[in-house]
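Since we're looking at a predicted model, the values are computed, not measured.
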Amino acid sequence: MISYKYYPGLCKINISFFAALSAATGFVLSGAGSNMRFIIMATGVFLLSSGACALNQYQERYIDTLMERTKSRPLPSGRISPKEALVLSLILILSGLLLLSGVSFAASLLGLFAVVWYNGVYTQSKRISAFAPVPGALIGAVPPAIGWTSAGGDLLDPRLLALCVFFFIWQVPHFWFLSLANSADYKKAGLPTIGEIFSKEQISRITSVWILSMAAAGLTLQLFIIAAHHMFNPGLYAVCLWLFIGAFSCIRLIPAPLPSRTVFNRINLYMLLSMLILSGESIFLL
């Protein structure tokens, strides 16, 4: 029996939606393209991300059975068979690539690269090194690049580079906080974490640097993207200041335990608000 109701959990549609939103931000900021291209591109990224997430769960199904956080997922719980998950993931990936190829060749190549990097490089390397999130963070920079090129933007445009760096910096603490919040599970499953390498004080300092870098990268985007109109600048200043405060709170709490979930939610909300502000500026100027 095919368990359709468990597909959203297998595909992690919340993450896939965020990937599509990131791509939409890149498309809008490029300032070109048509509505139909936008819809096809966003749908393609959503399907591609859903397929990659499903494939990731297929790859990690044995590890997931060892962790409390993941043992109730569709595959370890037996609600979906490995074969069904693999078939679904391949269908979604191929569908996403097909849609992206109809938008632009560059977009389809970027999409293929994202799958290979995430399901090949990152998924395998995180079993070996606690520093896997650093190269793995490159995944976060791909969706906005897909959106940008789909709208006809130049892949070498400095504005796109600034945007990709912004998303790249966000991914590292995002991955690390997941690892920290579930360190006991990771240890049980034999996965390395930065908690085994650094002390709490060191982790707080390193994390603070990354978060401060995120806020600085957000402000730097004004030099590349928000230039023609200034009504949205106060909003960007406000969310960056809010993130700065969160970074300094990590330092202030030394040597107390790092509030992983609180800061994790803060950086994710910061990214969401930043995308809305940046996209709102471009839409307003149309």
Side-chain angles (χ1 to χ4, degrees), residues 6-16 18-19 49-90 93 113-140 142 168 170-207 209-210 250 255-265 267-268:
Y6 300 114
Y7 283 1
L10 180 69
C11 299
K12 298 182 180 179
I13 59 172
N14 56 330
I15 294 177
S16 299
F18 199 89
S49 177
S50 296
C53 288
L55 181 58
N56 174 259
Q57 289 203 43
Y58 171 81
Q59 292 173 292
E60 300 189 331
R61 61 192 184 280
Y62 299 118
I63 293 177
D64 285 347
T65 60
L66 302 175
M67 299 192 288
E68 291 297 323
R69 182 178 67 92
T70 57
K71 68 180 184 180
S72 61
R73 284 177 174 176
L75 280 171
S77 64
R79 297 185 180 97
I80 294 180
S81 69
K83 180 180 179 180
E84 183 181 345
L86 180 59
V87 170
L88 176 65
S89 67
L90 294 179
I93 289 172
F113 168 78
V115 173
V116 171
W117 195 261
Y118 178 64
N119 296 102
V121 177
Y122 172 67
T123 297
Q124 299 303 319
S125 62
K126 77 176 186 178
R127 303 180 185 184
I128 302 171
S129 172
F131 296 102
V134 178
L138 190 59
I139 298 299
V142 177
F168 170 80
W170 161 69
Q171 281 289 102
V172 175
H174 173 87
F175 281 140
W176 268 347
F177 278 127
L178 281 177
S179 173
L180 286 170
N182 302 281
S183 57
D185 265 355
Y186 274 52
K187 185 176 181 180
K188 184 179 178 181
L191 297 176
T193 68
I194 59 171
E196 299 171 344
I197 302 173
F198 299 116
S199 66
K200 291 178 181 178
E201 293 86 349
Q202 290 173 317
I203 292 173
S204 293
R205 294 190 183 98
I206 293 170
T207 303
V209 170
W210 277 104
C250 291
L258 189 67
S260 302
R261 178 57 58 181
T262 301
V263 185
F264 176 78
N265 291 336
I267 62 174
N268 287 337

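Closest non-hydrogen pair, Asn56 versus Asn119, comes out as N-ND2, 3.4 Å. Nearest heavy-atom pair, Cys53 versus Ile15, reported as atom, atom and distance to 0.1 Å: SG-CG2, 4.3 Å.
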Would you tabulate the side-chain donor-acceptor contacts of residues 124-138 under 3.5 Å, counting partners in other chains and residues two or more places apart, or write 'none'?
| from | atom 1 | to | atom 2 | distance (Å) |
| --- | --- | --- | --- | --- |
| Ser125 | OG | Val121 | O | 2.9 |
| Ser125 | OG | Tyr122 | O | 3.2 |
| Lys126 | NZ | Glu60 | OE1 | 3.3 |
| Lys126 | NZ | Glu60 | OE2 | 3.0 |
| Arg127 | NH2 | Gln59 | O | 3.1 |
| Ser129 | OG | Phe131 | N | 3.0 |

Apply side-chain contact (heavy atoms from CB on, under 4.5 Å) to residues Phe18 and Lys12 and explain how you reach the verdict.
CA-CA 10 Å; Phe18 199 89; Lys12 298 182 180 179; over 6 Å; no

Could you give me the CA-CA distance, side-chain angles and deciding distance for Leu88 and Cys11, then say whether side-chain contact (heavy atoms from CB on, under 4.5 Å) is met?
CA-CA 9 Å; Leu88 176 65; Cys11 299; 4.1 Å; yes

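For Ser81, there are no side-chain hydrogen bond (donor to acceptor under 3.5 Å, both in side chains) partners at least two apart in sequence or on another chain. Residues forming a side-chain hydrogen bond (donor to acceptor under 3.5 Å, both in side chains) with Asn14 (at least two apart in sequence, or on another chain): none. Residues passing the ring-ring contact (aromatic ring centres under 6.0 Å, His included) test with Phe168, sequence neighbours excluded: none. Evaluation of the salt bridge (charged side-chain N to carboxylate O under 4.0 Å, His left out) rule for Arg73 yields Asp64 as partners, not counting sequence neighbours. Annotation: ring-ring contact (aromatic ring centres under 6.0 Å, His included) contacts of Tyr62 (sequence neighbours excluded): none.
Separation of atoms CD1 (Ile139) and CZ (Phe113) is listed at 6.0 Å; rounding is to 0.5 Å. Taking OG of Ser89 as the start and CD of Glu84 as the end, the distance is 11.0 Å to the nearest 0.5 Å.
In this structure, Tyr7 and Ile80 have side chains that are in contact, with non-hydrogen atoms separated by less than 4.5 Å.
A donor-acceptor contact shorter than 3.5 Å links the side chain of Ser16 to the backbone of Ser50. Looking only at distances, a side-chain donor or acceptor of Ser77 sits under 3.5 Å from a matching main-chain atom of Pro74.
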